[in-house]
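Okay, structure first, notes after.
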Amino acid sequence: MVGRAELLAQGSFENVRAVRAAGDGAATACASQVGDDGAVGLAWDLARGARVGEPLPGFPCDGEEWAFGLLPGPRGASPVVAWAGGGRVHVHDVRGGGEVVIDEAEASFPDVVGLAVHEDRGAVVTVFDRRPHAEIILWDARTGERLADFETWFGYWSSDRRVLHATPESGPLIALTCDSERAEDESPHYYNFVGVLDVELGRQVAELDCGPVRDVPMVPWEDGFAFVLEEAGRIVVRRPDGEEAAAVDAPEIAGAYVNLAAARVDGRLLVASGDFREGVYTVRDVARPEPLGRVEVPGPVGGVALAPDGTFLAATDAGLYRACVTGSGA
């Protein structure tokens, strides 16, 4: 076993994400908790296991409507959470506590929210469904200023939509889960793609076939970033051009109910994979043939994350759970 799961917070949680913090490198997590009065966003300092800041009201339950990542700012990089709610876009500095509200009509009700770096400025990416295309508008995360807008291919089908990022390493490059450019009557099951977009150039620069997968983590890799995919009993790391950078056998992967989470931890790429209905996850170092071990949490699981300090996180109806998965105690 890589570590015993313990309850970090009680309540019903929909999804969770984690990033490292600037400076001391401490990891920070953000999760959406659902209650009788709606959802709130909550953040934790994982090193201390303590909450950071006040609850964020009006937070969305759907994972595509909020984003969490490390963005540059006037006092250095810091964890930022952005979400759409009430016809506005909110941008909250988790450690610093400051918040920007973008109240312009063109920012109202985006379908997907993400993060990027635009000309060295932290930016919020808002995506509007104009099928078969998507309209993308970028906003300065610190001032709310409109930075850029462009259109890209989105697809005809209503599969999961998400902006992927690995800020700040990914810079102006983001990824948008979309459909391949096929006829409208073709099955969406086999034609899921990730379109790599340069938000400074305002266009797609690469396209990666990811098959019928549910999650495609985007992680720092060498001098840029890479994607982590599950492919027929393997976990594969692919560069944006599709080249295989690393792979490891994962025979437990099968079917359409797999959650994937990945993070760089002390120079290693760790991946957690499992059936979200059961809450059983296997953790691997992609450079080692044998798994580090398993983590079990009460299923079903709404979302999982791996933090850069080696903390595995799972959002469930029974609470938010964490476990150390670095393998040091395996």
dist Phe59:CZ -> Glu14:CD (nearest 0.5 Å) comes out at 11.5 Å
Notebook entry, point to check: Within the distance-only criterion (no hydrogens, no angle test), does the side chain of Arg88 pair as donor or acceptor with the backbone N or O of Glu104 below 3.5 angstrom?
Noted result: no
Worksheet entry | Connected via hydrophobic side-chain network under 4.5 Å: Tyr281 and Leu306 | yes
To the nearest 0.5 Å, atom CG of Leu8 lies from atom CG of Leu46 at 7.0 Å
- Just by modelled atom types, is the Pro298 backbone N or O under 3.5 Å from a matching donor or acceptor in the Glu278 side chain? no
inquiry  = What I'd like to find out is whether the side chain of Leu164 reaches to under 4.5 Å of the side chain of Val216, using heavy atoms alone.
reply    = yes
Closest non-hydrogen contact found for Pro168 with Val117 is CA-CG2, 4.4 Å
inquiry  = Are more than 12 heavy atoms, taken from residues, nucleotides or ligands other than Asp241, located less than 6.0 Å from that residue's CG atom?
reply    = yes
### Arg294 (side chain) donor-acceptor with Thr282 (main chain) under 3.5 angstrom
no
Closest non-hydrogen contact found for Ser78 with Asp93 is OG-OD2, 3.1 Å
*For Arg284 and Glu290, what are the C-alpha separation, side-chain angles and deciding distance, and is it a salt bridge (Lys or Arg N to Asp or Glu O under 4.0 Å)?*
CA-CA 7 Å; Arg284 286 182 163 81; Glu290 297 298 324; over 6 Å; no
Just by modelled atom types, is the Cys61 backbone N or O under 3.5 Å from a matching donor or acceptor in the Asn15 side chain?
-> yes
So CD of Glu200 and CD of Glu119: to nearest 0.5 Å the spacing works out to 5.0 Å
Are the side chains of Arg264 and Arg20 in contact, using a 4.5 Å heavy-atom criterion?
no
Requested in this report: Report yes if some heavy atom in the side chain of Glu169 is under 4.5 Å from a heavy atom in the side chain of Thr167; otherwise report no.
Outcome: no
request  = Tell me whether Leu7 is reachable from Phe13 by hopping between hydrophobic residues (I, L, V, M, F, W, Y) whose side-chain heavy atoms are closer than 4.5 Å.
outcome  = no
| NZ/NE/NH1/NH2 to OD/OE distance under 4.0 Å, Glu145 and Arg121 | yes
d(Thr326 OG1, Asp266 CG) to nearest 0.5 Å is 8.0 Å
Is there a path of hydrophobic side-chain contacts, each under 4.5 Å between heavy atoms of I/L/V/M/F/W/Y residues, joining Val280 to Val301? no
Value for CG (Leu208) from CZ (Arg238), rounded to nearest 0.5 Å, stands at 7.0 Å
Correct closest heavy-atom pair for Trp66 and Cys30 would be CH2-O, 3.4 Å
Practice prompt. Count the heavy atoms of every other residue, nucleotide or ligand shown that sit under 6.0 Å from CZ of Arg239, and state whether that count exceeds 12.
Written response: yes
Scanning both residues in full, the closest heavy-atom pair of Leu71 with Ala141 reads CD1-CB, 3.8 Å
Problem set entry | Heavy-atom side-chain contact between Val199 and Ile174 under 4.5 Å | yes
Exactly one of Glu99, Arg17, His92 clears side chain to side chain contact (heavy atoms under 4.5 Å, CB included) with Val81, and that residue is His92
If the threshold is 4.0 Å, N to carboxylate O, is there a salt bridge linking Asp249 and Arg234? no
**Asked** Under 30°, 30 to 60°, or over 60°: which ring-plane class applies to His90 and Trp83, parallel, tilted or perpendicular?
**Response** parallel
| query | Mind checking whether Trp139 and Val125 sit in one hydrophobic cluster, side chains of I, L, V, M, F, W, Y counted as touching below 4.5 Å? | reply | no
Between Asp111 and Asp129, is there a donor-acceptor pair closer than 3.5 Å when you use the side chain of the first and the backbone of the second?
yes
Kindly say whether Gly299 contributes a backbone atom to a donor-acceptor pair with the side chain of Thr316 at under 3.5 angstrom? no
Between Leu147 and Ala123, the two heavy atoms sitting closest are CD1-CB, 3.9 Å
- Task: Give the intermediate values and the outcome of side chain to side chain contact (heavy atoms under 4.5 Å, CB included) for residues Val219 and Val228.
- Result: CA-CA 8 Å; Val219 295; Val228 181; 4.0 Å; yes
**Prompt:** Heavy atoms, side chains only, cut-off 4.5 Å: are Val196 and Phe227 in contact?
**Reply:** yes
Check: Do Leu176 and Val194 touch side chain to side chain, with heavy atoms closer than 4.5 Å?
Finding: no
Counting the benzene-type ring for Trp, do Tyr156 and Phe154 have ring centres under 6.0 Å apart? no
Practice problem: Keeping the roles fixed (side chain from Thr126, backbone from Ile137), state whether a donor-acceptor pair exists under 3.5 Å. | Solution: yes
Exercise for review: Side-chain contact test, heavy atoms from C-beta onward, threshold under 4.5 Å: evaluate it for Val127 versus Val163 and give yes or no.
Suggested key: yes
Rounding to 0.5 Å, atoms OG1 (Thr152) and CG (Asp198) come to a distance of 11.5 Å
*So with a 6.0 Å cut-off around CD of Glu222, is the heavy-atom count from everything else above 12?*
yes
Exercise for review: State, without any angle test, whether His133 and Glu151 hold a side-chain donor-acceptor pair at a distance under 3.5 Å.
Suggested key: no
### Task
Indicate whether any N or O donor in one side chain lies under 3.5 Å from an N or O acceptor in the other, for Arg95 and Thr28.
yes
Discussion item. Given 3.5 Å as the limit, does a donor-acceptor pair link the side chain of Thr177 with the main chain of Arg162, or not?
Written reply: yes
Review point. Would you say Trp44 and Leu56 are hydrophobically clustered, going by side-chain heavy atoms of ILVMFWY under 4.5 Å?
Key: no
Quick check: do Val100 and Val89 have side-chain heavy atoms less than 4.5 Å from each other?
no
>> Tell me whether the NZ or CZ atom of Arg131 lies within the 45° cone about the ring axis of Trp153 and under 6.0 Å from its centre.
In response: no
Practice task
Give the C-alpha distance, both sets of side-chain angles, the deciding distance and a yes or no for side chain to side chain contact (heavy atoms under 4.5 Å, CB included) between Asp275 and Val258.
Solution key: CA-CA 5 Å; Asp275 189 322; Val258 174; over 6 Å; no
Q | Glu6 CD: over 12 foreign heavy atoms closer than 6.0 Å | A | yes
Nearest heavy-atom contact between Val80 and Leu115 is O-CD1, 3.8 Å
| field | Sidechain N-carboxylate O distance under 4.0 Å for Asp140, Arg142 | value | no
- prompt: Is there a side chain to side chain contact (heavy atoms under 4.5 Å, CB included) between Val271 and Val286 once you walk through the steps?
  reply: CA-CA 7 Å; Val271 180; Val286 297; 3.8 Å; yes
